[in-house]
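Just below is one structure, and these are the notes that go with it.
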Amino acid sequence: MNVETFPSADAAADRAAELIALGLQASPRLVLGLATGATPAAVYKKLVERHRKGGLSFAGATAFGVDEYVGLPPSDRRSYAHYLSEHLYTHVDIDRSNAFVPDGMAADAGAEAQRYERLIAAKGGIGLLLLGIGLNGHIGFNEPPGDFTSRTHVATLATVSRRAHTQYFGGESAVPAQAITMGIGTILAARRIILLATGIAKAGPVRQALLEPVSPACPASALRSHGDSICVLDEAAASALMGQTAG
Ligand code: F6R
């Protein structure tokens, strides 16, 4: 896994946006996988800027959200469908019929997860996947212990993850208990992966993912087995690496 460290969160987001822009320029029909949350918000802002000022086009692209809460409709401001719409889709020229998020309101969430996995395959698989990392090393909502072969499925959120999302829901008990998430196997099948982590709170999980043995205890450590994965960090998130990274 290549590791790139930047002086600030803004510079790290700029690099992630640059990698996505380069991917789109090289392959206008690129299939993107997109995480949500606090970390990538700056990347989407920069992509919108590149679209407005630099003519970056998403017209031929397809996009898949990495995950969605079970029980939230796209109209709910806290849903990831709403997030991707507000942060990116409404501001660029992507064909909305090619922008997908799992349906959190599906009557059968398990069947919806399988449908989503099949849809990703039908679109040729993910070409470039942008991920964040959770405080417990989760990627998507693949909580420890992670199953490295899992495909899109219904996951139960870990307590630490629900706590981390309390701010958006006004209380831990209001955070949905489950999400539909790409599995680690789905993630590893992406042709290129960018893991973006910024801020001191991510220093521990980043260290675990990059330096400690690859283990289900840290789902993000699975990314080290991927042949084309890039970890983009700011100095705070890189601060526990002490100048060393494992393969
Ligand atoms: C969300 C997702 C999660 C987040 C992770 C970090 O779509 O896939 O794995 O990337 O929880 O979230 P932030 O960036 O809010 O710290």
Side-chain angles (χ1 to χ4, degrees), residues 9-10 12-106 112-113 115-116 119-120 122-132 140-141 152 164-165 167-170 174-176 179-182 186-187 190 192-196 198 232:
D10 189 65
D14 210 38
R15 174 61 172 153
E18 178 185 43
L19 289 167
I20 293 169
L22 289 171
L24 280 167
Q25 281 152 8
S27 311
R29 298 184 60 78
L30 190 62
V31 178
L32 294 163
L34 301 173
T36 58
T39 313
V43 179
Y44 300 136
K45 194 159 175 259
K46 288 172 186 296
L47 287 172
V48 170
E49 277 167 23
R50 280 175 181 261
H51 169 68
R52 286 192 179 142
K53 295 184 191 154
L56 177 67
S57 178
F58 292 75
T62 297
F64 285 93
V66 170
D67 41 20
E68 180 60 286
Y69 291 113
V70 170
L72 293 194
S75 56
D76 190 308
R77 305 183 65 253
R78 302 160 303 183
S79 73
Y80 287 160
H82 190 271
Y83 173 105
L84 286 170
S85 181
E86 288 303 300
H87 284 83
L88 186 65
Y89 300 156
T90 56
H91 308 293
V92 297
D93 58 347
I94 193 163
D95 177 348
R96 293 299 288 261
S97 67
N98 284 328
F100 305 101
V101 176
D103 179 2
M105 295 302 285
E112 168 60 9
R115 183 196 69 86
Y116 201 67
L119 187 59
I120 294 170
K123 297 290 180 183
I126 307 286
L128 179 58
L129 176 58
L130 176 65
L131 292 177
F141 271 121
T152 305
H165 292 87
Q167 51 175 319
Y168 306 111
F169 288 88
V175 181
I180 298 172
T181 180
M182 289 182 190
T186 317
I187 287 170
R192 182 168 229 211
I193 301 172
I194 304 166
L195 177 67
L196 176 66
T198 55
V232 178

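If you're wondering where the values come from, they're calculated on a predicted model, not measured in any experiment.
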[Y] side chain reached by [X] side chain, heavy atoms, under 4.5 Å:
| X | Y | result |
| --- | --- | --- |
| Ile20 | Val43 | yes |
| Thr62 | Phe100 | yes |
| Leu130 | Leu19 | no |
| Pro176 | Arg78 | no |
| Phe64 | Thr186 | no |
| Asp10 | Lys46 | yes |
| Arg15 | Ile194 | no |
| Ile120 | Met182 | yes |

Considering all heavy atoms, the nearest [X]-[Y] contact:
| X | Y | answer |
| --- | --- | --- |
| Ala42 | Ala13 | CB-CB, 3.6 Å |
| Ile94 | Ala99 | CD1-CB, 4.4 Å |
| Val66 | Gly140 | CG1-CA, 3.6 Å |
| Gly65 | Pro102 | O-CD, 4.1 Å |
| Glu112 | Ala106 | CB-CB, 3.6 Å |
| Ser57 | Ala59 | OG-N, 3.0 Å |

Hey, could you give me the [atom1]/[atom2] distance between [X] and [Y], rounded to the nearest 0.5 Å?
| X | Y | atom1 | atom2 | result |
| --- | --- | --- | --- | --- |
| Arg192 | Leu129 | CZ | CG | 12.0 Å |
| Ile180 | Asp103 | CD1 | CG | 7.0 Å |
| Leu22 | Leu128 | CG | CG | 10.0 Å |

Under a 3.5 Å distance rule, please check whether [X] uses its side chain to pair with a backbone N or O of [Y] as donor and acceptor.
| X | Y | value |
| --- | --- | --- |
| Ser27 | Leu30 | no |
| His51 | Leu56 | yes |
| Glu68 | Gly104 | no |
| His87 | Lys45 | no |

Exercise. Under 30°, 30 to 60°, or over 60°: which ring-plane class applies to Tyr80 and Tyr83, parallel, tilted or perpendicular?
Worked result: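 Perpendicular: the ring planes of Tyr80 and Tyr83 meet at over 60°.
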Exercise. Are His82 and Leu72 close enough, and set up right, to give a side-chain contact (heavy atoms from CB on, under 4.5 Å), and what steps lead you there?
Worked result: CA-CA 10 Å; His82 190 271; Leu72 293 194; over 6 Å; no
For this session: For side-chain contact (heavy atoms from CB on, under 4.5 Å), just list the numbers for Thr90 and Arg96, CA-CA rounded to whole Å, side-chain angles, deciding distance to a tenth of an Å, and then say yes or no.
Result: CA-CA 9 Å; Thr90 56; Arg96 293 299 288 261; 3.4 Å; yes
Exercise. Any chance the rings of Tyr69 and Phe169 have centres within less than 6.0 Å?
Worked result: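 Yes, the ring centres sit under 6.0 Å apart.
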For this session: Check each of Leu32, Val48, Thr36 against Leu88 using the side-chain contact (heavy atoms from CB on, under 4.5 Å) test, and report the only one that passes.
Result: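 With Leu88 as partner, side-chain contact (heavy atoms from CB on, under 4.5 Å) holds for just one option, Val48.
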Exercise. Can you check side-chain contact (heavy atoms from CB on, under 4.5 Å) on Ile187 and Leu131, steps first, answer last?
Worked result: CA-CA 9 Å; Ile187 287 170; Leu131 292 177; 3.8 Å; yes
For this session: Go through Glu86 and Arg77 one step at a time and tell me if the side-chain contact (heavy atoms from CB on, under 4.5 Å) criterion holds.
Result: CA-CA 9 Å; Glu86 288 303 300; Arg77 305 183 65 253; over 6 Å; no
